[in-house]
Q: 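The structure follows.
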2 protein chains.
Amino acid sequence: MKNITEMLKGVLEGCVLEIISRGETYGYEITQHLRNLGFTDVVEGTVYTITMRLEKNNLVDIEKKPSTMGPPRKFYTLNAAGQEQLEIFWEKWGFISSKINELNTKNKGEIQ
Amino acid sequence: MKNITEMLKGVLEGCVLEIISRGETYGYEITQHLRNLGFTDVVEGTVYTITMRLEKNNLVDIEKKPSTMGPPRKFYTLNAAGQEQLEIFWEKWGFISSKINELNTKNKGEIQ
DNA sequence: ACTAGTATATAGTAACGCATAGTAGTATCG
DNA sequence: CGATACTACTATGCGTTACTATATACTAGT
């Protein structure tokens, strides 16, 4: 899927929050996870800016651990504020997606 | 619903395309339509930038008609390119929303 | 030594929605 | 006629976000 950049705005961060909420993970792994999910064009730099933002906003706890396969990894876990933010994200997503889908189905009904 | 600005990026334009596809309409009416749909904070300036973009990209045909309640209105209708763009929008939306919902339900299953 | 894979870091860019403000036309009322 | 209110479009600058490109660092295999 190409040129979905703009549509991902505000959504990717929520996805990252969700992924972190399942258990501690690090930037590179988050990127792989997103790619496996279907967002194949997401690159490390993008995820990095998101995790930096989460750090800055104090939504995650951080622990640095050595890796046998490269430089040390920065593991993230959601804290209470992060959990709250995640819930807010799903509320927003639910709101918007319901409205958009409403718009879509309404149209289908009128045209045919 | 507050602070959904970022999540609307790339989505609002699709909504406007969809609204125009139902029949010729003008900026002010599109704004009202979006507000009725639930996007209560959408302002005229936002819709204007979108319609200007649609014009610039030759996705709409334009007809100016006098109004009994103010200055003449610029009525927009989708042309072939606009229709195509609208279909692409719904494809993108379908792709992203399915992925996000997948992420959401997966989580629900793991937590409980 | 060189390459490839893993992993974090950062500067710069473009797009989008928004706030704000301005312009202009019509209707109404004193 | 003049003032006001409402409708409708135009214009500009801003903040946020994702992406690009690049740099750095560590390990393992050849």
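Chain naming here is simple, since letters A, B, ... match the order of the sequence lines and numbering starts at 1 in each.
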Q: More than 12 heavy atoms of other residues, nucleotides or ligands under 6.0 Å from CD of B:Gln32: yes or no?
A: yes
Q: Are any of B:Lys64's side-chain N or O atoms less than 4.0 Å away from OP1 or OP2 of D:dA8?
A: no
Q: A:Ile50 CD1 to D:dT16 P: how many Å, rounded?
A: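 In whole Å, D:dT16 P lies 16 Å from A:Ile50 CD1.
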Q: Figure out the CZ/P separation between B:Arg53 and D:dT12, and round it to whole Å.
A: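 Between P of D:dT12 and CZ of B:Arg53: 16 Å.
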Q: Assign A:Lys9 to base, sugar-phosphate, or nothing according to its heavy-atom contacts below 4.0 angstrom with the strands shown.
A: base
Q: Both A:Thr49 and B:Leu12 contact DNA chain C. Which one's nearest nucleotide lies toward the 5' end?
A: A:Thr49
Q: When you get a sec, tell me which of D:dC26, D:dT17, D:dT10 is the closest nucleotide to the side chain of A:Pro71?
A: D:dC26
Q: Could you see if A:Tyr26 belongs to whatever hydrophobic cluster contains A:Tyr48? Use Ile, Leu, Val, Met, Phe, Trp, Tyr and a side-chain cutoff under 4.5 Å.
A: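 Unlinked, A:Tyr26 and A:Tyr48 end up in two clusters.
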Q: Touch check for A:Glu44, heavy atoms < 4.0 angstrom, all strands: base, sugar-phosphate only, or nothing?
A: base
Q: Between A:Asn101 and B:Trp93, is there a side-chain donor-acceptor contact under 3.5 Å, judged purely by atom types and distance?
A: yes
Q: Once you round it to whole Å, what is the distance between P of D:dT16 and CZ of A:Phe89?
A: 19 Å
Q: At a heavy-atom distance below 4.0 Å, which nucleotide of DNA chain C is the first touched by chain A, and which is the last?
A: C:dT6 to C:dC16
Q: Of A:Gly70 and A:Glu6, whose nearest nucleotide on DNA chain D comes first from the 5' end?
A: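 Of the two residues, A:Glu6 wins.
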Q: Output the rounded distance in Å from CE (B:Met7) to P (D:dA18).
A: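 Taking atom P of D:dA18 as the reference, CE of B:Met7 is at 10 Å.
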Q: Whole-Å distance between D:dC9 C1' and B:Glu63 CD?
A: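 Value for this atom pair: 17 Å.
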Q: Mind calculating the distance between CD (B:Glu55) and C1' (D:dA8) to the nearest angstrom?
A: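 Distance, rounded to whole Å: 14 Å.
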Q: Take the protein atom CD of A:Glu13 and the nucleotide atom P of D:dT17, then report the distance between them rounded to whole Å.
A: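 Between P of D:dT17 and CD of A:Glu13: 6 Å.
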Q: Base, sugar-phosphate alone, or nothing: which one does B:Pro66 contact when heavy atoms must sit under 4.0 Å apart?
A: nothing
Q: At 4.0 Å (heavy atoms only), tell me whether B:Thr68 reaches a base, stays on the sugar-phosphate, or touches nothing.
A: sugar-phosphate
Q: Please determine whether a side-chain nitrogen or oxygen atom of A:Thr46 lies at a distance below 4.0 Å from atom OP1 or OP2 of D:dC19.
A: yes
Q: Could you check whether B:Glu24 pairs with B:Lys65 (Lys NZ or Arg NE/NH1/NH2 to Asp/Glu carboxylate O, under 4.0 Å)?
A: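 The answer is yes: the pair qualifies as a salt bridge.
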Q: Do any N or O atoms from the side chain of A:Lys92 and from the backbone of B:Asn3 form a donor-acceptor pair under 3.5 angstrom?
A: yes
Q: Quick one: is A:Ser67 getting a side-chain N or O under 4.0 Å of the D:dC26 phosphate, OP1 or OP2?
A: no
Q: First locate atom OH of B:Tyr28, then atom CZ of B:Arg73, and finally report the distance between them rounded to the nearest 0.5 Å.
A: 10.0 Å
Q: Using a 4.0 Å heavy-atom cut-off across all strands, classify B:Tyr48 as base, sugar-phosphate, or nothing.
A: base
Q: Can you check the A:Tyr26 OH to D:dC26 C1' distance for me, whole Å?
A: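 Those two atoms, OH and C1', are 14 Å apart.
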Q: Find out if a path of hydrophobic residues (ILVMFWY) with successive side-chain heavy-atom gaps under 4.5 Å connects B:Leu37 to B:Leu8.
A: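 Result: yes, single cluster for both.
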Q: Can we say A:Glu55 and A:Lys74 salt-bridge, meaning some charged N sits less than 4.0 Å from an Asp/Glu carboxylate O?
A: yes
Q: OP1 or OP2 of D:dC9 versus the side-chain N and O atoms of B:Arg73: is any pair under 4.0 Å?
A: no
